[in-house]
Amino acid sequence: MTSFGDLGERQTVKMIRELLQKEDSPDSMDDDAALIPIGNEILVISTDNVTFERHRPEGMSPERFGWMSAAVNFSDIASMGARPVGFLSALSVPEDMDVTEIAEIVSGIDQCAEFCGTHVIGGDTKPGHGSVSGTAIGVMEGRTPMRRNGARIGDVIAVTGPLGGPAAGYHSMKESLGLEDAEFCLTTPIPRVNEGIALSASGIVSSCIDLSDGLSTALNTLCESSKKGCIIEWDLLPKHEDTVTVGEMLDIPLESLVMDFGGEYELLFTFDRNDTDALNELDIQFHIIGIITDGNDVVLRRDEKYRKVTDGTY
């Protein structure tokens with residue numbers, strides 16, 4: 001018998017995708033969210049599950065957990081370039097959980113939905129071990145969805161913001177380091193909805209993915225979908241200022257904090273270098289970190305040395 005633990009989450013998802021894919025399926029199930037054409041509109045729908053056990057570190061309030069459970073879904077539709085139009089949440093909570101804490105979780109979900117310009121429109125609540133399954137719904141409004149499989153040889157790779165904040169925040173909470181900004185990055189991630197809309201409207205972006213599983217995994221996923229490779233320049237990676245502090249205090253490799261942890265909600269995208277000036281005119285923050293290559297491997301260049309990058313540990 002091969003267990004879920006033996007196979008791992010990503011290989012299990014791949015197995016399920018292969019079981020479900022049919023010739024007449026409306027979506028390839030190979031992106032951050034599903035695309036469903038309806039008339040002249042394209043619906044963008046994403047669902048994700050977060051659990052108390054895995055996703056709620058000690059010290060995270062119920063309200064912040066609720067926010068995060070919504071943010072993971074809004075980030076997925078943001079990476080496609082969709083505008084959110086609704087959110088549904090299904091709560092599984094222990095029977096002995098204080099109803100005040102349940103209300104705080106729901107409040108956090110509602111706050112994140114409002115921040116993303118939409119509302120909670122339904123859901124469910126059942127007794128269980130503790131989790132929130134969320135579903136975000138968005139629309140493209142005539143824009144072309146940004147998918148994972150369009151990266152081209154020679155495209156440059158960019159991210160919308162600094163990396164490693166959530167990893168630093170997790171270790172700060174665990175070790176009581178008091179790094180408030182990093183802890184905020186972990187507990188209150190910001191879905192890049194406006195950035196996603198602007199990027200998709202520009203028509204410049206050839207591929208896009210969010211960084212919720214971490215930079216290493218996102219790069220491998222995007223390159224696999226696009227059937228390309230890439231080279232990432234370590235010196236170009238924008239690093240959250242607290243990553244150095246945490247790395248030095250706890251003797252954790254900086255690469256692990258910046259690339260492998262996950263919990264990031266920046267967007268990773270590719271585009272033709274000749275469109276850099278046009279991208280600058282969008283008035284969104286971005287940092288170029290590497291280039292798409294003809295190959296299969298994700299490679300990190302640091303101190304004139306090259307190493308293959310595998311999926312992260314998140």
ILVMFWY cluster, [X] and [Y] together (side-chain gap under 4.5 Å):
X: L88; Y: V139; result: yes
X: I77; Y: L35; result: yes
X: V298; Y: I209; result: yes
X: I288; Y: L282; result: yes
X: F74; Y: I197; result: no

Answer with yes or no whether the side chains of Q111 and S107 bring together a donor and an acceptor at under 3.5 Å.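 Indeed, the side chains of S107 and Q111 share at least one donor-acceptor pair under 3.5 Å.
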
Using a distance-only test with no angle check, is there a side-chain donor-acceptor pair under 3.5 angstrom linking R148 and S225?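 S225 and R148 do not have a side-chain donor-acceptor pair below 3.5 Å.
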
Could you check E101 against I105 for side-chain contact (heavy atoms from CB on, under 4.5 Å), going step by step and ending with a plain yes or no? CA-CA 6 Å; E101 291 191 352; I105 291 175; 5.7 Å; no

In Å and rounded to the nearest 0.5 Å, what is the [atom1] to [atom2] distance from [X] to [Y]?
X: L222; Y: K228; atom1: CG; atom2: NZ; value: 10.5 Å
X: T293; Y: D155; atom1: OG1; atom2: CG; value: 11.0 Å
X: M80; Y: I42; atom1: CE; atom2: CD1; value: 9.0 Å
X: D181; Y: D242; atom1: CG; atom2: CG; value: 6.0 Å
X: D210; Y: E264; atom1: CG; atom2: CD; value: 10.0 Å
X: I45; Y: D76; atom1: CD1; atom2: CG; value: 12.5 Å

Heavy-atom pair with the smallest gap, counting every atom of [X] and [Y]:
X: I231; Y: R301; answer: CG2-CB, 4.3 Å
X: I204; Y: R152; answer: O-NH2, 4.4 Å
X: K239; Y: T243; answer: CB-OG1, 4.0 Å
X: E58; Y: M173; answer: O-CE, 3.6 Å
X: G128; Y: S92; answer: CA-OG, 3.1 Å
X: T51; Y: F65; answer: O-CE1, 3.7 Å

Hey, does [Y] have a side-chain heavy atom less than 4.5 Å from the side chain of [X]?
X: L237; Y: L215; result: yes
X: H287; Y: E266; result: no
X: I289; Y: P238; result: yes
X: L300; Y: E255; result: yes
X: Y170; Y: V246; result: no
X: T118; Y: I137; result: no
X: M140; Y: V44; result: yes
X: L199; Y: I284; result: yes

Give me the ring orientation class for F115 and W67: parallel if the planes are under 30° apart, tilted from 30 to 60°, perpendicular past 60°.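 F115 vs W67 ring planes: tilted.
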
Kindly indicate, with the supporting measurements, whether the criterion side-chain contact (heavy atoms from CB on, under 4.5 Å) is fulfilled by Y265 and S212. CA-CA 5 Å; Y265 292 89; S212 54; 3.8 Å; yes

Using a cut-off of 6.0 Å, state whether more than 12 heavy atoms not belonging to [X] lie near its atom [atom1].
X: E141; atom1: CD; value: yes
X: E180; atom1: CD; value: no
X: D124; atom1: CG; value: yes
X: E114; atom1: CD; value: no
X: N280; atom1: CG; value: yes
X: R273; atom1: CZ; value: no

I'd like to know if the side chain of [X] reaches the main chain of [Y], judged simply by a donor and an acceptor atom lying under 3.5 Å from each other, with no hydrogens or angles considered.
X: T125; Y: L91; answer: no
X: N73; Y: D48; answer: yes
X: S226; Y: C223; answer: no
X: S75; Y: A71; answer: no
X: R143; Y: G81; answer: yes
X: T221; Y: T217; answer: yes
X: S216; Y: D311; answer: no
X: D272; Y: N274; answer: yes
X: D98; Y: T100; answer: yes
X: T160; Y: L267; answer: yes

Take L163 and M259 through the side-chain contact (heavy atoms from CB on, under 4.5 Å) test and state the conclusion after the steps. CA-CA 8 Å; L163 307 172; M259 299 185 65; over 6 Å; no

Stepwise side-chain contact (heavy atoms from CB on, under 4.5 Å) check, T276 with F271: CA-CA 8 Å; T276 303; F271 63 97; 3.6 Å; yes

